[in-house]
Amino acid sequence: MPDAHASALPEARPAIAALPAYVPGARGAADAAPPVKLSSNESPDAPLPSVVAALERAAGGVNRYPDMGAAEVTARIAREVGRDAAEVVVAAGSVAVLAHILQAYAGPGDEVMFAWRSFEAYPILTRIAGAEPVMVPLTAEARHDLGAMAAAVTSRTRVVMLCSPNNPTGPTLTQAELDSFMASVPSRVLVVLDEAYLEYVRDPQVADGPASLERYPNLMLLRTFSKAYGLAGLRVGYAVGPAALISPVRACVTPFSVSGPAQLAAIASLDARDELEKRAARVVAERGRVLEALRADGWDVPDAQGNFVWLGVGDATAALAAHLGAADPAVLVRPFAGEGVRVTIGAPAENDAFLARLATWDGRP
Ligand SMILES: Cc1ncc(COP(=O)(O)O)c(C=O)c1O
């Protein structure tokens with residue numbers, strides 16, 4: 001019996017050992033007063049009664065596997081976005097859809113490009129796929145530097161992620177910016193426009209995802225039910241694009257990963273779209289109120305088109321997050337060490353609690 005390696009243990013791929021951690025928004029201690037949770041860009045509203053009713057109906061069937069292809073919700077989304085069901089793929093949150101896109105399109109030796117700072121899952125999912133992240137710094141206005149991104153495309157670039165509005169900084173991409181970027185990128189490069197916060201956008205110049213799909217055969221849209229549709233806890237997201245590009249993504253989807261209750265809740269949410277859009281409009285109104293208060297107090301806040309605002313306080317980030325977290329009840333935000341703090345727009349009283357506590361901070365750089 002050879003025993004020279006008897007104590008050796010299985011080793012993960014080096015890329016996995018080197019992954020940066022995904023930092024979730026703080027949730028607060030179980031034994032503390034319920035916090036003002038502005039740390040995860042969630043909807044402040046409880047699920048709609050019609051969604052709860054759909055979940056109750058679905059609960060009785062969870063001894064059965066869900067529909068593996070999520071056919072009904074896929075068809076419903078396709079109708080909603082005016083495309084064919086073959087042009088839509090659904091998975092367990094848009095973060096899972098993106099993982100599947102990268103599994104399908106990028107691997108060892110390939111590059112995946114995105115702006116930085118942007119959604120923190122991008123570099124993690126790129127590395128898990130085995131590819132190299134290429135991170136192009138945002139401009140001073142916290143916007144994508146699309147000129148620099150176009151210039152950074154190489155023969156190894158397989159996928160470019162564009163985040164509009166950009167999480168965590170807030171600005172959108174305009175149609176003119178997207179058009180000139182698409183014109184300068186080879187059509188063999190897959191461009192994914194992440195529209196997670198679409199329903200909160202009010203910038204009339206914003207790139208129109210569905211209209212752009214008509215123009216660019218190498219474009220895909222990434223969307224979610226987690227934000228304005230209020231289903232973050234159920235995990236449903238989707239991509240829309242040309243059927244030939246979507247089909248390899250569908251092949252990567254973990255079988256049965258979107259539960260039956262999640263599929264039905266997503267359909268019930270699409271049925272209640274008007275109501276959910278009204279909720280999103282309330283968040284937009286609150287965003288305006290918070291921005292106005294911040295700017296009146298001298299804060300330099302980038303254009304905010306999602307359900308969050310960005311305070312780029314640099315080295316004072318940890319101190320600001322700690323100051324807000326020490327309020328009673330705690331105001332939980334999402335700090336990005338050394339860069340800034342992202343604050344989700346919550347219900348009016350939550351936003352007031354944030355503004356009141358912020359006004360007591362004397363560490364502003
Ligand atoms: C830009 C962006 N894309 C995608 C996601 C993923 O959302 P989910 O996996 O809940 O659909 C998020 C979540 O915060 C996000 O900010």
Side-chain angles (χ1 to χ4, degrees), residues 21-27 37-44 47 70 73 77 88-103 112 114-126 128 135 138 142-144 159-173 191-201 206-207 209 220-240 249 253-254 257-259 262-263 265-266 269-270 276 280 283 302 304-310 332-336 340-346:
Y22 186 108
V23 182
R27 306 178 68 89
K37 188 173 182 308
L38 305 178
S39 53
S40 299
N41 289 354
E42 296 150 332
S43 162
V73 67
I77 292 166
V88 175
V89 57
V90 177
S94 58
V95 77
V97 181
L98 177 57
H100 302 319
I101 292 171
L102 296 177
Q103 283 161 356
V112 175
F114 42 87
W116 201 249
R117 170 147 312 255
S118 189
F119 180 36
E120 69 176 313
Y122 296 163
I124 299 172
L125 298 179
T126 299
I128 291 174
M135 299 150 88
L138 296 170
R143 303 176 60 84
H144 284 55
V159 180
V160 177
M161 299 296 312
L162 300 176
C163 190
S164 174
N166 188 49
N167 173 11
T169 57
T172 47
L173 296 179
V191 178
V192 179
L193 181 63
D194 186 341
E195 300 186 305
Y197 301 95
L198 168 76
E199 295 83 0
Y200 303 110
V201 173
V206 67
M220 239 185 231
L221 311 180
L222 186 64
R223 295 189 173 173
T224 182
F225 284 87
S226 297
K227 307 296 174 184
Y229 279 75
L231 301 185
L234 280 174
R235 318 302 305 129
V236 192
Y238 60 97
V240 192
V249 181
V253 173
T254 309
S257 57
V258 185
S259 73
Q263 294 184 31
S269 301
L270 289 171
L276 291 166
V283 169
Q305 293 289 325
N307 64 340
F308 52 89
V309 294
W310 173 250
L332 304 180
V333 296
R334 176 68 174 87
F336 294 85
V341 168
R342 186 195 70 197
V343 186
T344 303
I345 301 298

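When a ligand or atom number is given, it counts from 1 through the structure's own listing order. Atoms considered below: every heavy atom in the structure, side chains included; atoms not considered: hydrogens, waters and symmetry mates.
Between Tyr238 and Phe225, the angle of the ring planes lies from 30° to 60°, which puts this pair in the tilted group.
At a heavy-atom distance under 4.0 Å, only side-chain atoms of Ser226, from C-beta outward, approach ligand 1. Of all the heavy atoms of Tyr197, the ones lying under 4.0 Å from any atom of ligand 1 belong exclusively to the side chain. Both the backbone and the side chain of Val95 come within 4.0 Å of ligand 1, judged by heavy-atom distances.
If you check which protein heavy atom lies closest to atom 7 (O) of ligand 1, you get Ser94 OG, 3.2 Å. Here the heavy atom of the protein found nearest to atom 12 (C) of ligand 1 is Phe119 CZ, 3.4 Å. When hydrogens are left out, the protein atom nearest atom 9 (O) of ligand 1 is Arg235 NH2, 2.7 Å; that is the closest non-hydrogen contact.
Residue Ser269 comes nearest to Leu276 through the heavy atom pair O-CD1, 3.3 Å, listed as atom of the first residue, atom of the second, then distance.
In this comparison of Leu234, Val236, Thr224, the heavy atom closest to atom 11 (O) of ligand 1 sits on Thr224.
The main-chain N or O of Leu221 is never found under 3.5 Å from a side-chain atom of Glu195 such that the two would form a donor-acceptor pair. Judged by distance alone, with hydrogens and angles left aside, the side-chain atoms of Tyr229 form no donor-acceptor pair with the main-chain N or O of Leu270 at under 3.5 Å. Between the side chain of Asn167 and the main chain of Phe119, no donor-acceptor pair closer than 3.5 Å is present.
In this structure, Cys163 counts as a contact residue of ligand 1, since one of its heavy atoms falls inside 4.0 Å of the ligand. For Gly93, the closest heavy-atom approach to ligand 1 falls below 4.0 Å. Residue Asp194 places a heavy atom under 4.0 Å from ligand 1.
For the salt bridge (Lys or Arg N to Asp or Glu O under 4.0 Å) test, no residue two or more places apart in sequence or in another chain qualifies with Arg342.
Evaluated for a side-chain contact (heavy atoms from CB on, under 4.5 Å) with Val206, the options Pro165, Pro171, Ser164 yield exactly one hit, Ser164. The side-chain contact (heavy atoms from CB on, under 4.5 Å) test with Leu193 singles out one residue from Leu173, Val240, Leu222, Leu198, and that residue is Leu173.
Residue Lys227 approaches ligand 1 through these ligand atoms, each under 4.0 Å from one of its heavy atoms: 13 (C), 14 (O).
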